[in-house]
Q: 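Right, I'll just put the structure down here and ask away after.
Counting starts at 1 for both ligands and their atoms, in listed order. Excluded from the calculations below are hydrogen atoms, water molecules and symmetry mates; all remaining heavy atoms, backbone and side chain alike, are included. Sequential numbering from 1 along the given sequence is applied to the chain's residues. Bear in mind the structure is a predicted one, so any value in this text is a computation, not a measurement.
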Amino acid sequence: MELETDQQPSSGLRRALTTWFARLPSWFLLLCAAFAGLVLLAPYFGSLAAVARLLAWIVGILAVLQFARRAFGASPGATADAGRDTPAIETLGGRLLVSGKAISRKDMEEQLRRLAFHDPLTLLANRALFRDRVEHALAVSKRSERGVAMLFVDLDNFKTINDSFGHSEGDRVLSATAQRLSKCTRSGDTVARLGGDEFAVLLENLASQEPVVEVARRIVAALREPFPFLNSDLCVSASVGVAFATRDDGVEDLLRNADTAMYSAKAQGKARHVVFIPEMPDVANQRLQVEAEIAQALTENQFQLHYLPIVELRSGYLLGVEALVRWRHPKRGLVAPGEFLGIAEGSGQMIELGRWVLRQSCAEVKAWQARLPEGRQVRLAVNVSVGQLSDSDLVGDVSRALEESHLDPGCLVIEVTESVLLRNTESMLVKLNQLKKTGVRIAIDDFGTGYSSLAYLHRFPIDIVKIDRSFIERLGGVEDGAELARAIITLGDTLGLEVIAEGIEHEDQQRELVELGCVAGQGYFYAKPGPLQDLEQSVHMKLRRTMADTLPEGARFTATGRFLVGSLRRSEPEPMATGTFGPTSHK
Ligand code: C2E
Ligand code: MG
Ligand code: MG
């Protein structure tokens with residue numbers, strides 16, 4: 001490895017001399033000094049040639065200086081020894097820097113060794129050193145009969161932190177995580193950063209399994225605490241996989257088992273630890289397989305769209321539909337988005353999939369609108385991911401989808417999640433404003449579940465707020481259950497935003513929402529998502545009945561050209577495949 005120094009090289013002769021002197025042993029230098037002393041005293045012993053005297057002076061002085069340098073370290077003579085100067089590697093704010101400060105060769109070697117085996121950001125052991133330690137621990141354990149365990153630690157919401165606060169804050173979170181991990185472990189344990197937001201801990205010389213589980217618990221608890229410097233209640237939380245080494249395990253086996261247990265912890269709801277058992281599926285591999293399958297599904301048109309009606313609560317009019325992607329998997333049948341969107345987002349495939357959803361839904365809804373009574377329009381809501389908004393030309397994609405389908409831009413609503421608000425950056429604001437300029441409206445989805453400050457709301461060009469299902473669940477019975485929903489509805493009113501309640505499942509929830517002044521809603525009480533033809537058929541059927549004035553009992557209101565809530569009820573949609581592809585939204 002080459003390191004740069006800001007010191008000037010010394011002259012060739014001086015360097016040659018100093019190098020030569022540097023190599024001389026101390027006893028020889030002392031001998032030279034003694035010889036010089038003898039020569040200086042020569043007049044008292046007889047006559048010597050002037051040349052020999054001059055030589056003796058030079059050799060004597062250099063010898064004394066060199067000796068003094070060795071004896072006292074940084075003596076004046078040492079600074080002249082530029083040929084041996086080496087730059088020091090310092091850490092500043094957790095990063096490695098190179099400066100021109102002179103240090104000894106031993107220190108230099110030590111620093112280079114640290115550089116090769118430690119993660120520069122957190123200063124923890126890196127993957128190479130960790131593997132080395134695990135190998136050693138496994139070898140020792142075979143002789144000593146003492147146990148070895150590994151913890152695989154993966155942060156749960158790290159992507160949200162990076163997306164919301166930027167990479168420099170992300171780095172601070174990683175450094176703080178490293179400190180918390182070190183505090184949770186004993187002095188003999190090895191804590192390592194394997195890369196990204198993945199950490200690992202090696203515990204050796206174990207008499208039982210309890211201390212390992214205790215360390216895993218401590219880690220999960222420590223990472224549940226918010227990071228004060230983020231100025232947010234956002235907790236990162238960690239999923240921890242625990243694996244105990246068996247006699248035949250090598251480094252790879254132990255790493256894979258701990259990783260598998262970690263994925264299982266994610267699949268069980270994150271922020272927990274799970275101990276590996278051999279029956280666990282190899283989820284990391286499955287994830288790669290799903291990525292390959294998604295790529296194939298994109299080329300073979302295996303994705304399709306279901307639509308969820310959005311209604312006006314008081315009257316029951318159909319206001320529009322929300323497009324929800326489904327995967328018609330050749331072996332597994334219909335697969336819900338929660339099972340593959342996280343993987344698609346992680347692999348970058350969400351951008352292509354999202355583009356398809358936009359184009360397809362605009363085309364399908366435009367075709368439907370053409371079959372509606374004249375002047376009647378329904379709006380279309382399309383979900384977009386944070387990655388689509390930040391890493392792709394979403395404005396271009398939306399414009400193209402509108403252009404190709406001839407859908408009125410006023411009919412299109414783009415739903416983004418709350419974490420977008422947290423990315424309180426100029427570029428996000430610019431993107432959302434550009435999006436608005438295309439004529440579409442913007443909705444904040446699942447409002448209340450993220451960590452956005454309500455104060456951010458007015459900064460962004462938002463038209464609609466969708467109250468998350470978790471707040472609607474509390475309605476219709478639970479004391480004080482309506483407080484949060486009421487607060488969001490009032491806030492929406494104050495800011496002039498439309499509020500849509502998500503996940504209405506019961507009539508009393510609908511009633512309470514109407515009392516609270518909520519205008520629109522969606523949920524299984526009205527209909528489950530299904531293909532557009534199903535929705536269209538039931539709507540048309542009811543429309544005809546309505547015109548013939550044959551309303552079913554309990555229906556409240558109808559008007560020509562508008563649709564009835566009750567009319568949206570239809571046969572149960574096709575069940576979706578159960579089981580899992582492994583982790584869903586892993587980050
Ligand atoms: P979302 O946008 O909040 O969509 C509503 C989800 O709640 C849908 O789940 C819907 O089926 C479900 N839901 C609606 N009413 C009820 C109810 O009364 N009770 C219950 N228990 N659930 C209800 P789904 O289709 O599984 O979608 C889940 C999430 O996946 C969506 O949440 C959305 O965030 C995301 N998603 C779906 N399609 C897309 C897409 O095309 N692009 C992107 N980026 N995300 C999508
Ligand atoms: Mg949505
Ligand atoms: Mg939602």
Q: Tell me whether Arg359 at atom CZ has more than 12 heavy atoms from other residues, nucleotides or ligands lying less than 6.0 Å away.
A: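 Open.
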Q: Do we get Arg287 above Tyr263's six-membered ring, with its NZ or CZ under 6.0 Å from the centre and within 45° of the axis?
A: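 Arg287 over Tyr263 ring: no.
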Q: Test Val378 against Leu319 for side chain to side chain contact (heavy atoms under 4.5 Å, CB included), laying out the working first.
A: CA-CA 6 Å; Val378 283; Leu319 295 174; over 6 Å; no
Q: Less than 4.0 angstrom from a charged side-chain N to a carboxylate O is my criterion; do Asp446 and Lys466 meet it?
A: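 Salt bridge between Asp446 and Lys466, a charged N being under 4.0 Å from a carboxylate O: no.
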Q: Would Asp508 and Leu475 count as a side chain to side chain contact (heavy atoms under 4.5 Å, CB included) if you check the C-alpha gap in whole Å, the side-chain angles of each, and the deciding distance to 0.1 Å?
A: CA-CA 8 Å; Asp508 43 3; Leu475 298 180; over 6 Å; no
Q: Over 60° means perpendicular and under 30° means parallel, so classify the ring planes of Trp327 and Phe340, tilted if in between.
A: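 Geometry flag for Trp327 against Phe340: perpendicular rings.
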Q: Listing by chain and number, what protein N/O/S atoms are under 2.8 Å from the Mg ion (ligand 2)?
A: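 Listed by chain and number, the atoms are Glu322 OE2, Asn383 OD1, Glu415 OE1, Asp445 OD2.
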Q: Decide, yes or no, whether a salt bridge links Asp463 with Lys436 under the criterion of side-chain N to carboxylate O below 4.0 Å.
A: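 The answer is yes: the pair qualifies as a salt bridge.
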Q: May I have every N or O pair linking ligand 1 to the protein at under 3.5 Å, one per line with atom names and distance?
A:
unit_1	atom_1	unit_2	atom_2	d
ligand 1	2 (O)	Glu322	OE2	2.8
ligand 1	2 (O)	Asn383	OD1	2.9
ligand 1	2 (O)	Asp445	OD2	2.8
ligand 1	3 (O)	Asp446	OD1	3.0
ligand 1	3 (O)	Glu502	OE1	2.9
ligand 1	18 (O)	Tyr524	N	2.9
ligand 1	19 (N)	Glu505	OE2	2.5
ligand 1	21 (N)	Arg469	NH1	2.9
ligand 1	21 (N)	Glu505	OE2	3.2
ligand 1	22 (N)	Tyr524	OH	3.3
ligand 1	25 (O)	Arg326	NH1	2.9
ligand 1	25 (O)	Arg326	NH2	2.9
ligand 1	38 (N)	Val325	N	3.1
ligand 1	42 (N)	Asn383	O	3.3
ligand 1	44 (N)	Ser385	N	3.4

Q: Mark yes or no: Arg180 above the aromatic ring of Phe227, with NZ or CZ under 6.0 Å from the six-membered ring centre and no more than 45 degrees from the axis.
A: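 Output yes; distance and angle both within limits.
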Q: Salt-bridge test for Arg400 and Glu404: reply yes if a basic N is under 4.0 Å from a carboxylate O, no otherwise.
A: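 The answer is no: the pair does not qualify as a salt bridge.
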